[in-house]
4 protein chains.
Amino acid sequence: MIIIMEPGTSEDNIQRVVKTLEKHEFRVVLNRGDVMTVIAAIGDKRMFDPRSLGSLEGVREVKIIQEPYKLASREGKAEDTVVKFDNGVKVGGLERPVLIAGPCSVEPEYQGLLDVAYAAKEMGAQFLRGGAFKPRTSPYDFQGLEERALIYLARAKEKTGLLVVTELMDTNDLPMVETYADVIQIGARNMQNFALLKAVGKSKRPVLLKRGGAASIREFLLAAEYIMCNGNDNVILCERGIKSFDSSFTRNVLDLSAIPVIRKLSHLPIIVDPSHATGRRYLIEPMSKAALIAGAHGIMMEVHHDPDNASSDGAQSLSIPQFEDVAKRINKLIGRIDYDNRIQKQELGIE
Amino acid sequence: MIIIMEPGTSEDNIQRVVKTLEKHEFRVVLNRGDVMTVIAAIGDKRMFDPRSLGSLEGVREVKIIQEPYKLASREGKAEDTVVKFDNGVKVGGLERPVLIAGPCSVEPEYQGLLDVAYAAKEMGAQFLRGGAFKPRTSPYDFQGLEERALIYLARAKEKTGLLVVTELMDTNDLPMVETYADVIQIGARNMQNFALLKAVGKSKRPVLLKRGGAASIREFLLAAEYIMCNGNDNVILCERGIKSFDSSFTRNVLDLSAIPVIRKLSHLPIIVDPSHATGRRYLIEPMSKAALIAGAHGIMMEVHHDPDNASSDGAQSLSIPQFEDVAKRINKLIGRIDYDNRIQKQELGIE
Amino acid sequence: MIIIMEPGTSEDNIQRVVKTLEKHEFRVVLNRGDVMTVIAAIGDKRMFDPRSLGSLEGVREVKIIQEPYKLASREGKAEDTVVKFDNGVKVGGLERPVLIAGPCSVEPEYQGLLDVAYAAKEMGAQFLRGGAFKPRTSPYDFQGLEERALIYLARAKEKTGLLVVTELMDTNDLPMVETYADVIQIGARNMQNFALLKAVGKSKRPVLLKRGGAASIREFLLAAEYIMCNGNDNVILCERGIKSFDSSFTRNVLDLSAIPVIRKLSHLPIIVDPSHATGRRYLIEPMSKAALIAGAHGIMMEVHHDPDNASSDGAQSLSIPQFEDVAKRINKLIGRIDYDNRIQKQELGIE
Amino acid sequence: MIIIMEPGTSEDNIQRVVKTLEKHEFRVVLNRGDVMTVIAAIGDKRMFDPRSLGSLEGVREVKIIQEPYKLASREGKAEDTVVKFDNGVKVGGLERPVLIAGPCSVEPEYQGLLDVAYAAKEMGAQFLRGGAFKPRTSPYDFQGLEERALIYLARAKEKTGLLVVTELMDTNDLPMVETYADVIQIGARNMQNFALLKAVGKSKRPVLLKRGGAASIREFLLAAEYIMCNGNDNVILCERGIKSFDSSFTRNVLDLSAIPVIRKLSHLPIIVDPSHATGRRYLIEPMSKAALIAGAHGIMMEVHHDPDNASSDGAQSLSIPQFEDVAKRINKLIGRIDYDNRIQKQELGIE
């Protein structure tokens, strides 16, 4: 941690900062410059809120140097986390990228879900996604079928062997969701719902954690840290677009450089959801391909048996035939990436 | 709702949109221009997700015209909501702006809290704030004293007569928090925690709803709508800064124009939290004054008996003597605003 | 400057950074922590681009500590700059806040401009604004009357005694604009048009520099530094709203905390333009008042003799009677602020 | 254009809007809903500033429907623009993506530039980039070698046959820059320097127009329109990252979905600059690949003979050997994309 003092501040003010740091067992190095003094504090920031230093008189700015997450960081664990499932599916590291497909919400027509699931299976997807509890901006929008949706997903899993990904919104629903889901999704709006993060941290199920729409990468990894420090190491991160000043042509801005950045900072797998990121069907294919080539460990895309009549997010869902076309081309690319990964390892080392 | 078709799209595509709208009981007016066709749909959008139209072939863009919230809107209720408490305190409308003061977190030293409460009372504050459950970005930061904090707040209330404002983070804690709190706060990070919004919508306590750091005004009012359509009309909105590209000198950007905008769109009271918005102690006074003059119904500010040693947010907390100075000048301003409000009504009508 | 090395980087990498710094005459202090090494460099960053250090192997991050502007900073000059005009008008410091009023563009009807000018004079404004060259997002929008507009402004000045503020867009037009203008405005879109900044830096006229729509406060003050280091100390800053994720109800977000922040960092005067910031007429009054109470040295507002038929920005312009109402109430506030400023100085010292 | 009236506004207010529209030769269709009235206006918005309607009493909102640019739009010209050079190089459409490489600034060591140019040629690049006039945020940073840099670029062109791309910052320098440059670059900070856009619009040289750091896609295409409506059709767009709330790990956020969006809206070629977008060397390769796979017509990257001692942007420049490695892998990808483009055309049609 670096504490920058105001130019010309008194020696008393400097010593007050030094004492506070020493009280919290930091080792302190003073750098006295011509214009201002800078204090470097070396120690374990994690037990101390450095912003409180900002209130001391004469302090201009406090800069954190060590990333504040530990379990989620490469410094804490150098090798990639690979999340493994009983049926042999693996997510992360240099494993072949996975495909997660399914409707935004599970809807009353079970057959529609099943059709999507068969198509997903056919195209090599490993996971079926579908919402049972829907976080909708408006209370008047469709809120999900709840347990009925979970039962449908379980039945589709039985038929196809696909693993089930579904969102949890309330700690009270965790036992029910755990029963049916192979992966528990935490949605973007709940990325800093700390009660929920702590709860899934105690679950045995892997967690798919979506980045909040205005979450920095640091906040995103700290949210993962909440899950991990409660005991659950199987966190899959998901970039799904961030808010920007321009939403005329895409719902959000897909931040693809977050993929190599996160792979550098963290060992956790990171996938991409181009459907929510862009909100436009025609952008799913190019953004999926771009994400994969940038190093994403998987793609999650919305597929609906009848997008024109979807209860939610129809505009960003692929129909089954569209999905089959897109998946075919993505699979071709995944084959090549697999090859590139091996080549790249030989040539460069990882990253 | 306005549906803009792609230039040169086929008549079939246009008719498909018309039929979908008619199925959902919209009245449809077609405007055929030289370049493109525009469809106006008149009816109750609230039961229909208009984005699903975006998936129909030939649709370029769907524009919502009526604001999607109803109970929170001026159109639904023209007169200002004034939230009233048993001890006669009132928030909203043309009532004299209120003052909420207290530490970010309630801490183990009860006496410190009590000192702050007495100072707040002395300076004319109506509410004592203090966190029992703390939403912290890092799991390693102080997480709050939980029920012990609530008990301290209740004791300070008994001594001073101040009403208690405290944050709820988990639906499971609602019964406990309701027992102690006069106002239940929903924090910025939980503004779209819909399970929580529904739960407090069923509570008898007024709710202080903070704007999410990247929430649009529309999303903010829709979050209020979640609470209101579950039965709780006593919602106090709170602007506390939004994220921007520049956080070198303030934590967030305080969006003060949100005050007159929200007062125009909605009848709900809106207060401002300059402490969280700016993250800097020296900005609390000018931003409080600016908020009040722009029409805020109250100010919530952090006051700590010993900011240098606060468990959280020390840098943005006022000490007790600083608070007294600031409150004195704010009270002088509130006196004037009260006068202005009456004058302004005569001169202009409301807004 | 602080250079943070990657954890576990080699001694060679550390020494390469040290040598580079020493080559540029920095004094270097090494802090070796358990996790990583931090290098503090003390010296004159201004002649050295610190980002180039970022390319050295083993460097994680470079943090600038001293603000990179010098002439614009309080550290360079402690006392407030007050821009003075021949007719006795003063802008900045503890002077009474000024009022700048006039149409967005000067239009063909000279009488309309004159009516606005007389009303402005009557209400105590010191400056008449009006665009001769208009920076319009679309090439098909009205681009300004050019010299004819300047002549109109000069004639209105002759009649009313108001000083003239008008925008310069091209270095080639500087001699012409200088002839007519008392203050040369640099628009938000040109805030980093460095050729233009250098040119007005060599002018004798004071410059009104508007903050770019996505300019950080640091970038804003660096733009002022471009003008000042070319010889022109008379820079008046102008906050006019920044871009955000929400433009449904205001064009930009008016960043009012920038006022006290800039008054702390810099000695330059700072005024506010609520018309461009909000784009809505009904927001001009509350945002003007809020800006003044937060410490703005003046307000610039758009007034048009016939806003419904304005060539540009009608929606955010006040009509003459509306302006008179608003100005009356603002003048009352300015009277109070003047009083408060004096009181505050006694009580607190500046800031 | 759609004009949304306030709920319950008077018939007079509605008729005033209708008359204003008719005066500007719009055809008007009235939609009277239960809650509010919506007016659709069909005609040529390009000669009329629709925001002025916003000032009429009773108007809630004005929504533009037709994109305001015309020459830059697909509606104006369906087939892709391919910018062609005398030596046979082509940019745009389904042509093989191009590679532009070179240092941020041209520096005093001519040999270094030549080494980069030879490496670029060797790796199949078509263009050599290098700054002669540098737009630097701080006036104390290196500002460029001016004409000497242009002469160096011309000599490197003579040796290698590479086409020269260099930035113009001041209209006064246009004749000089035109003499040496094959492509005139307009930098991100000058994207709305309309005097400059008009000047290059009259030039015979193709223009490389960089997207402003906070420019919407619509504003970007309107800037292109400024160039085109002054007579220059050869505009190459360049995405180079946009500002966001998070700049801890990348300088900007590279908006890759802008590529397919712009290819849908416009016929102009669009390339990507991953160096400026990310500001980090290790992100150039993954972001270049992602851009190409998303449909970019080319990549511009910074290459320096000695990045550790670069005058500007060293941290984001590749060294010559790093560039050779990256270019080799990118060329392999370009080969595949070329193949994919042809396949995709057969399978899908364009887009």
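The sequence lines fix the lettering, A, B, ..., with proteins before strands; numbering per chain opens at 1.
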* **side-chain contact (heavy atoms from CB on, under 4.5 Å) partners for D/A41, two or more places apart** => D/M1, D/I3, D/L21, D/F26

* Structure fact -> When the 4.5 angstrom heavy-atom criterion is applied to D/L292 and chain A, the contacting part is neither

* Structure fact -> Value for CD1 (A/I259) from CE (D/M287), rounded to nearest 0.5 Å, stands at 6.0 Å

* Structure fact -> Here the pair of heavy atoms bringing A/A290 nearest to D/A294 is CB-CB, 4.2 Å

* Any side-chain heavy-atom pair of D/L333 and A/I293 under 4.5 Å -> yes

* Which of A/G241, A/P286, A/A214 touches chain D most, by non-hydrogen pairs under 4.5 Å -> A/A214

* Pick one of side chain, backbone, both or neither for D/S257, based on which atoms fall under 4.5 Å of a heavy atom in chain A. => both

* Asked: Which residues pass the side-chain contact (heavy atoms from CB on, under 4.5 Å) test with A/E219, sequence neighbours left out?
  -> A/M191, A/Q192, A/A215, A/S216, B/T137, B/K243

* Asked: Tell me, side chain or backbone of D/R218 under 4.5 Å from chain A's heavy atoms, or both, or neither?
  -> both

* Structure fact -> The single option from D/L256, D/L254, D/D255 that satisfies side-chain contact (heavy atoms from CB on, under 4.5 Å) with A/V253 is D/D255

